[in-house]
Amino acid sequence: MAHTGRRDAPELPDFSLLKRLARDQLIYLLEQLPGKKDLFIDADLMSLLDRIANVTTLKQHEVDKLYKVELKPIVSTSDQLCFLIRPRIQTVKWIADIVNSDKASGRFRRYKIIFTPQKFYACETVLEEQGVYGDVTTDEWAFYLLPLDDDIISLELPEFFRDNFLEGDQRWVTTAGSALRLVYSLYGPFSKVYGIGRCAKMVYESWRDQVEDGEQKARQPEIGNVFLIDRDVDFVTPLCSQVVYEGLVDDIFRIKCGSVEFGPEVTSSDKSLKVMVNSQDKVFNEIRNEHFSNVFGFLSQKARNLQTAYDKRRGMDIQQMKTFVSEELKGLKQEHRLLSLHIGASECIMKKKTKQDFQELLKTEHSLLEGFEVRECISFIEEHINRQISMIDSLRLLCLLSITENGLLPKDYRSLKAQYLQSYGIEHLLTFANLKQIGLLVEQQPGETLTVMESKVGKLVNDKTAGKLTDAFSSLAKKSNFRALSKRLVLIPKSGEEYDLRVPRDMAYIFSGAYIPLSCKLIEQVLERDGWTGLEEVTRMLNGHEFAVTGGTNGTEARIKTDPQRIILVMFLGGCTYSEISALRFLGREKGYKFIVLTTAITNSARLLEALLDNHA
Amino acid sequence: MTRPKPEDDEYWNSSKFSAFTFDDEDDEFTKMKESKRAVNSMLVDDDDDDDDVEKVSWSGEPIGSISWSVKETASSIRSSGEQSFPKIDITPSLPKQGSGYSLSSLFKGKQQVICCSAFTDTSVRAYAPELRKPKSECKDYMSDWSPEETVRRMRKGKVFSLERFRSLQEKLLLLDEAVSENDGNVITAVLIYLKKSLSKEILFRELMLREIALRHYVHYLKEMGEQKLLVELMKALGRTDDMALMQYKEHLNIKDEGQRRDFLKNCLSLPFSQDDAIHVQDHYTLLERQIIIEANDKRGDAEIFKKFPRKASILNMPIITTLYYSCFYHYGESDGTFSSPANIRKTFRISEKQYILTALGARAKLKSWFDVDSLFNTKNWLGYTKKRSPIGFHRVVDILQKNNAPVQVLQEYMNLIDDPELKLSLAQKYKCHDIVIDTYRDLKDRQQLIVYRGKVERGSKEDKKIEELLCNMQIRWKN
């Protein structure tokens, strides 16, 4: 499946440097603590750590035993304890408890907390309040950026989403600014920065502040332009079922830190297998961006080719066989292994999807996106809830309904919520409160539908007519922003036309031709227009906070489309999905850009909604 | 080190005796003059203490001097200039009160009062406390930072001290400065200081006007597990719904079901919104029921428990799961018992559709086809039974099939599907040949029938049936 695209796309910068930097820093920090020590690592830092160092590296720097932070009493006998953690109050409290219980039993140890990527005052205050400040020394491991692939860098901070968008806590703004600053100092200077969203603006400011403080050496930039986007600018896209291979693998098996664990049902053995899924995997690299319907065909073609290659052995003489074994066999075997893995995964995906009436689910999603037969969609969702099928899927559909319809009618809201609570537990009252707070699942407010225009017109005519007008207007106002946005940006390709998923004509292919992701469409439009001019109505509907700024020093250079100018860093604040990455890769091929995705974390509908659940202690 | 010289000796001299007199005229001009004098006097003080490096900013000017602080403010306002990227305007969408104050704005502009309860001279003292201090105290203040500088130092992780922000105005200026810099880490740090140094009534009152700071505070209290304070805060803010939910959330931390039930009972009096109050009432009733049912069923005396041992306890399960459980283990019990499906259905206002779906699932799982039948049987006034369903019969077939119902049962329900297309697709999916054949016959679709013949086994019953139909001259095929 060769993609016809522009072949003059520029080369991507080398991000492996980021890993080396992080490793060196960690080693430096460990060396600051001479002597044998036990290391406690936050559970969600383990995979991260795996990507840049291994146990040997740690052992070389006198790390004796490794433990996972479990917030339980510890058994270590070491005289030095080192904690490598995210800056979380709960974890620090646990450490303070350890120190205090050691003190109580008259035990003397040295303690060090390494916060990554930075420490927070609130955490230090806990140490102070618990009377262990000074007993515990603290440090920071400024590990901001983990390259997950050639074109994906992650901050691996999934909590960014909830903290920022639900709780309204801006603790990660500076972190994101520092991450951007690191990219800037290694691969910059940038010539233009575009963005949309409140957080995007703040991150831009934080980055600019930090850059002003430091000095930037004049160097040849490797990344020309930057686009910052808040997750809440587009909630629709991450709530849709993913149907591109990489996205599907993430939805079903959950890719973690660029690696995935395939269970026995995939490996067709009794063992699970952890594999990295990135561009190094040649088979994966060819199918990752493909619509799932193409994957089987591709894999079987691949299998046939492999068979032919193996068959070449027949009729070979000794010499030929020798060359074959030394030169080709290893590659073929490797390919064989990967191929059988991805075939197994595809089968497993098929099985799971047919079991849950995936077709009907997709139909409902597409209808919601189009605003077509919404009543039918509501009954489908209702039945989904009634049958207690996947709690997350039900929630996802409810949220999609709410965003696309600009809120639910009060009676629908009440009835669907009641049924949801009956099916999945009343404690989800708290989840509903969260979803309301973040604006993902809301009730249409009767007052809200009154527009300024309406009240103005209302004053001009008599009451009776005004009443009728109000009705007319409220039906107008019901037209949600999504609907209007979708119309304005032509996000829904004309239905009825045949969409050949083998030869995608636009980014909609990532959703079977039904919808162009809003986030990616915005990026495309802004790059095309070199700013937000002409998109005023769109930004108004997205609540503004858009910006486009040019670096003063090399303003003239920016106009020339040099290679770095065509390398665009897109920073997603609050996470991005693999489908969006696929869409951007497609856009890049079409327009001769190269996109680098910098995200606070990889997300999908399940992760996004799970972050908002409050049904457990 | 360059140091600005006192511009005018006269000021400096006069300050010796006039700096601390309180003039009745409180106009800006006097204040301006006063400040200038004070500034000059401070500069002299700096002369005495030359080697203290800390007091001097990077530009070489003594920190705490007005010129320094004005310059600092200016530098944060100055946007691009020769710098590469411009500052963009971050207008918070949420109301922000009293921020944007800086020393310089006070000296320049009209005095703005943040808090009405201030004494007439507090503002001066608040914004430039050093001005009114005797010279002997000046030294301490030299190492103090303005809110801007303090926040800047906090953001950079440098040494700072919040202890000098003592008046309410100073504290609020500091908070507003932190908020205007968008750094959540610093906002929370300032809030922690305010929490320690202000009474909660005052702090709550001020937070009410500062949405961004408030959200940081709420999040901090949540993380610290300061439930009581949170509840008080919500109450003070008049956010009773949130307060009720916050208290309700506590039940998740209670492991013992009896205690949990009692806690939920206490929750009933909380000021929930109307809808939520009903749900919480349900929650309490449900758990109460489950505890009773669990106590009885745990022993597992009845036959059904021996035949189909329970996999888990029913405690804390959702309403529908409880209904399913009761349809599975307690079907046919009289309405009066707590564990009977009818009682559960009534207590929790479960819709007919939902009830049928759940009962169907449970009875089909037990392969009680008779019960399944009676779920849909209705008698008309002539006494004929007819099958009716609030859910589509295609859905019924789906559920039966998932529970491995025999073909006869499947076919019976499949025949009740009105839409022939739907019926056909389901019949083909589940290989109910008779129905497929009959439907094609009814549709008079000879071609499809011929095609379908290829899908059944040669010489089988179905094959013969198709054969007969195709030979039947009485059918008027449409093709």
Side-chain angles (χ1 to χ4, degrees), chain A residues 88-90 118-122 125-126 140 163-164 167-174 189-190 193 198 201-202 204-209 211-213 216 357 382-383 386-388 414 417-419 421-427 429-430 433 543 545 547 549-554 614-617, chain B residues 80-88 90 92-93 154-157 182-189 192 211-212 215-216 218-220 222-224 241-242 245 248-249 251-253 275-276 278-280 282-283 286 316-321 324 348-351 353-354 357-358 361 391 395 399:
Chain A
R88 293 190 193 115
I89 284 175
Q90 225 197 355
Q118 64 172 111
K119 55 182 161 193
F120 288 140
Y121 290 114
T125 309
V126 171
E140 287 177 329
D163 286 345
N164 193 75
E167 309 286 0
D169 190 323
Q170 297 162 193
R171 57 170 59 156
W172 300 113
V173 166
T174 307
F190 312 142
V193 181
R198 210 174 86 84
K201 266 190 173 178
M202 294 193 285
Y204 167 81
E205 271 303 310
S206 165
W207 164 74
R208 199 188 54 87
D209 253 21
V211 167
E212 273 188 5
D213 284 348
Q216 170 80 14
D357 300 323
E382 201 172 58
E383 210 164 285
N386 289 161
R387 294 175 68 186
Q388 293 185 297
R414 221 166 298 143
K417 176 176 171 182
Q419 295 182 67
L421 299 181
Q422 288 189 338
S423 275
Y424 304 109
I426 296 165
E427 57 279 9
L429 267 180
L430 300 158
N543 297 323
H545 295 299
F547 59 93
V549 281
T550 312
T553 41
N554 43 8
D614 248 340
N615 63 327
H616 42 75
Chain B
S80 47
E82 76 284 357
Q83 289 293 333
S84 48
F85 275 93
K87 193 177 170 71
I88 51 170
I90 302 181
S93 50
M154 290 172 86
R155 294 184 64 196
K156 301 227 153 57
N182 308 314
D183 189 324
N185 179 27
V186 174
I187 297 172
T188 305
I192 292 171
E211 180 68 20
I212 294 176
R215 295 184 75 182
H216 282 82
V218 169
H219 193 213
Y220 172 70
K222 274 191 198 169
E223 288 191 303
M224 289 298 287
D241 292 13
D242 291 333
L245 280 174
Y248 166 76
K249 191 182 177 183
H251 85 266
L252 294 167
N253 298 319
D275 289 340
D276 287 359
I278 299 170
H279 296 309
V280 175
D282 278 353
H283 198 168
L286 178 68
N316 299 316
M317 291 296 164
I319 293 174
I320 300 306
T321 311
Y324 182 91
F348 298 106
R349 307 167 308 281
I350 290 166
S351 71
K353 190 174 159 187
Q354 173 74 77
L357 269 173
T358 314
I391 47 174
R395 192 60 77 205
I399 293 170

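Chain identifiers are assigned alphabetically (A, B, ...) following the order of the sequence lines, protein sequences preceding nucleic acid strands; residue numbering begins at 1 within each chain. For clarity, every value in this text was computed on a predicted model and none was experimentally measured.
- If you tally non-hydrogen atom pairs under 4.5 Å between each of A/I89, A/N164, A/D163 and chain B, the highest count goes to A/I89.
- For B/L245, the parts lying under 4.5 angstrom from a heavy atom of chain A are both the backbone and the side chain.
- With A/Q422 contributing its side chain and B/F348 its backbone, the two residues share a donor-acceptor pair below 3.5 Å.
- Using a 4.5 Å cut-off between heavy atoms, A/W207 touches chain B through its side chain atoms alone.
- Between A/G425 and B/P318, the closest heavy-atom pair is N-CB, 3.5 Å.
- Here the CG atom belonging to A/L429 is positioned 9.0 Å from the NE2 atom belonging to B/H283, to the nearest 0.5 angstrom.
- At a threshold of 4.0 Å, the pair B/K87-A/E205 counts as salt-bridged, since one of the basic side-chain nitrogens sits closer than that to a carboxylate oxygen.
- Proximity to chain A (any heavy atom under 4.5 Å) is shown, for B/T321, by both the backbone and the side chain.
- No side-chain donor-acceptor contact under 3.5 Å links B/H219 to the backbone of A/G168.
- For chain B, the nearby part of A/V173 is the side chain; its heavy atoms alone come within less than 4.5 Å.
- One distance of note links CD of B/E223 with CG of A/D169; it measures 7.0 Å at 0.5 Å rounding.
- Checked options B/N185, B/N182, B/D183; the residue passing with A/T174 is B/D183 (criterion: side-chain hydrogen bond (donor to acceptor under 3.5 Å, both in side chains)).
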Step-by-step side chain to side chain contact (heavy atoms under 4.5 Å, CB included) determination, B/H216 to A/R171:
CA-CA 9 Å; B/H216 282 82; A/R171 57 170 59 156; 6.0 Å; no

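- Looking at A/Y424, the atoms closer than 4.5 Å to chain B (heavy atoms on both sides) all sit in the backbone: N, CA, C or O.
- Looking at A/V126, only its side chain comes within 4.5 Å of chain B, counting heavy atoms on both sides.
- Taking OG1 of B/T188 as the reference point, atom CD of A/Q170 lies at 9.0 Å (rounded to 0.5 Å).
- With rounding to the nearest 0.5 angstrom, the CD1 atom of B/I212 is 4.5 Å from the CZ atom of A/R198.
- Atom-to-atom distance recorded for A/L421:CG and B/D275:CG is 10.0 Å, nearest 0.5 angstrom.
- For B/Y220, there are no ring pair (Phe, Tyr, Trp, His ring centres under 6.0 Å) partners, not counting sequence neighbours.
- Of all heavy-atom pairs spanning A/I426 and B/H279, the tightest one is CG2-O, 3.4 Å.
- B/D276 and A/K417 are joined by a salt bridge, as a carboxylate oxygen and a charged side-chain nitrogen come within less than 4.0 angstrom of each other.
- A salt bridge links A/D614 and B/K249; the closest N-O separation between the charged side-chain nitrogens and carboxylate oxygens is under 4.0 Å.
- In this structure A/E140 satisfies the side-chain contact (heavy atoms from CB on, under 4.5 Å) test together with A/Q118, A/K119, sequence neighbours excluded.
- The minimum heavy-atom distance between B/Q354 and A/S423, with the atom names listed, is OE1-OG, 4.0 Å.
- Under the 3.5 Å distance criterion, the side-chain polar atoms of A/Y121 are matched with a main-chain donor or acceptor of B/M154.
- With a threshold of 4.5 angstrom between heavy atoms, B/Y248 approaches chain A through side-chain atoms but not through N, CA, C or O.
- Just one residue in the list B/L357, B/I391, B/I320 forms a side chain to side chain contact (heavy atoms under 4.5 Å, CB included) with A/R387, and that residue is B/L357.
- In this structure, chain A has a heavy atom under 4.5 Å from the backbone of B/R349, while its side chain stays farther away.
- Listed here is the closest heavy atom pair of B/I192 and A/A122: CD1-CA, 3.7 Å.
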